[in-house]
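I have placed the structure first, in the form of structure tokens, so that the comments after it can refer back to it.
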Amino acid sequence: MRIGVLTGGGDAPGLNPAVAGVVELATTYGYEVVGLKRGWEALSIPENEGYIVNLGPEIIREYARLGGSKLQCSRTNPVSEENDRTDLVRENMKKLRLDAIVAIGGEDTLGAAAVLSERGVPVVGIPKTIDRDLYGTEYSLGYDTALNVICESAERIAHTAESHQTIFFLEVMGRHAGWLALRGGESSFADVILIPEHPFSLAHLRDVLAEQLGRSRAMGFDQIYKLIVVSEGAHISGEGEVRKDAQLDEFGHYSLGGVGNYLKGLLEHDFKHTRYTALAYLQRGAPPSQKDRQMGRRFGNNAVEMIRSGDFGHYIGVQRARLKKVPLREIMRSPALVDVQKYYDTERLNVKQQWTNGE
Ligand code: F6P
């Protein structure tokens with residue numbers, strides 16, 4: 001058995017441990033593992049010699065601890081309507097003598113895997129995205145590490161905000177889903193949290209901040225600052241998301257970024273000192289946390305088991321804390337967004353108090 005493994009989409013901490021998990025169990029069974037560089041690109045071009053790397057057990061220890069993706073990532077879509085390369089994928093698999101593919105990625109990479117699988121390509125999937133918004137799984141690789149980065153960064157920002165008595169916007173990733181802002185903000189005791197699932201009014205945000213500042217002053221605090229954790233996809237109601245530029249990727253997505261700066265600009269006349277920082281890629285490049293290493297290893301091991309038992313066309317999801325096989329097609333269903341009614345206080349623009357340890 002010869003298995004090809006690829007990582008697609010944006011990088012996320014946990015990709016390398018997942019590859020290590022594949023290699024670990026595959027080599028125990030005597031299977032060969034081949035790394036396919038730059039996601040689906042490796043199988044979507046005719047001359048792909050430079051894209052192929054043999055992966056033996058010697059890579060495990062190194063891969064287990066590294067952030068990013070040693071196999072590199074791309075947002076190549078092998079099944080796009082304008083440029084469908086399914087036949088090339090099949091030919092390349094034949095040329096490389098691959099019996100199965102492990103695709104590690106988010107909605108786009110696994111969405112392409114779903115289409116290829118329906119066309120007879122033997123593929124299994126592992127979910128990754130720091131946004132934690134994939135259908136059919138409570139966990140995706142990278143989320144835990146990104147949350148830890150947000151918490152550490154918020155603490156640093158709070159020191160600066162406190163020293164300068166600043167209204168500080170800390171922008172985090174999360175294109176459609178506000179989990180990173182919600183849970184990162186909750187853990188950092190953010191004063192306000194803004195998520196894509198709840199378009200807000202500027203007047204309301206201004207009132208919430210003014211009320212909080214007034215309360216702090218009335219209590220006699222002399223160091224008054226506010227930490228606002230804002231998701232990159234959050235937006236004022238009636239307005240669209242703030243885009244970084246006008247470019248679309250192969251899957252038709254715009255890059256988001258700058259909403260924190262935009263809000264800072266709108267509020268700087270009302271509040272004396274306002275500042276903005278976007279964590280951007282700092283959230284993605286960190287070394288994987290314990291959880292992302294452990295989950296990467298488990299996902300990788302289980303992907304090999306699925307291949308061994310011929311269970312193609314599925315990805316591994318976590319449901320009610322158990323690993324489950326989910327049909328690849330399901331990844332294209334609506335993303336797992338924050339349930340506003342359950343988890344978000346639209347009056348306080350903050351997390352709702354909870355009596356569970358879930359989500
Ligand atoms: O989907 C994961 C993610 O990190 C989003 O939060 C973000 O919008 C996007 O990737 C940015 O990706 P890139 O700039 O690498 O295309």
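Counting convention: from 1, in listed order, for ligands and their atoms alike.
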At less than 4.0 angstrom from any non-hydrogen atom of G174, what atoms of ligand 1 do you find? 6 (O)
Could a heavy atom of T129 be found less than 4.0 Å from some atom of ligand 1? yes
Which protein non-hydrogen atom lies closest to atom 9 (C) of ligand 1, naming both residue and atom, and how far is it? R175 NH2, 3.6 Å
for atom 7 (C) of ligand 1, nearest protein heavy atom and its distance come out as E232 OE2, 3.2 Å
If you measure from the Lys or Arg side-chain nitrogens to the Asp or Glu carboxylate oxygens, is any gap between E330 and R333 under 4.0 Å? yes
Side chain to side chain contact (heavy atoms under 4.5 Å, CB included) test vs I331 passes for just one of L134, T109, V326, namely L134
Just say parallel, tilted or perpendicular for the rings of Y31 and Y29, cut-offs at 30° and 60°. tilted
Residues K325, D311: salt bridge by 4.0 Å N-O rule: yes
Quick one: does R75 get a heavy atom under 4.0 Å from ligand 1? yes
Got the closest protein heavy atom to atom 14 (O) of ligand 1, with its distance? Y281 OH, 2.4 Å
Pairing of K264 and E268 as salt bridge, 4.0 angstrom limit: yes
Would G106 count as a contact of ligand 1 if the rule is a heavy atom under 4.0 Å away? no
Starting from atom 1 (O) of ligand 1, what is the nearest protein heavy atom, named by residue and atom, and what distance separates them? D131 OD2, 3.5 Å
Taking the basic N atoms (NZ, or NE/NH1/NH2) and the acidic carboxylate oxygens, is any pair closer than 4.0 Å for R297 and E24? yes
Please list the nearest protein heavy atom to atom 10 (O) of ligand 1 with its residue and the distance rounded to 0.1 Å. R284 NH1, 3.1 Å
Is the cationic atom of R38 (NZ for Lys, CZ for Arg) positioned less than 6.0 Å from the six-membered ring centroid of Y51 and within 45 degrees of its normal? no
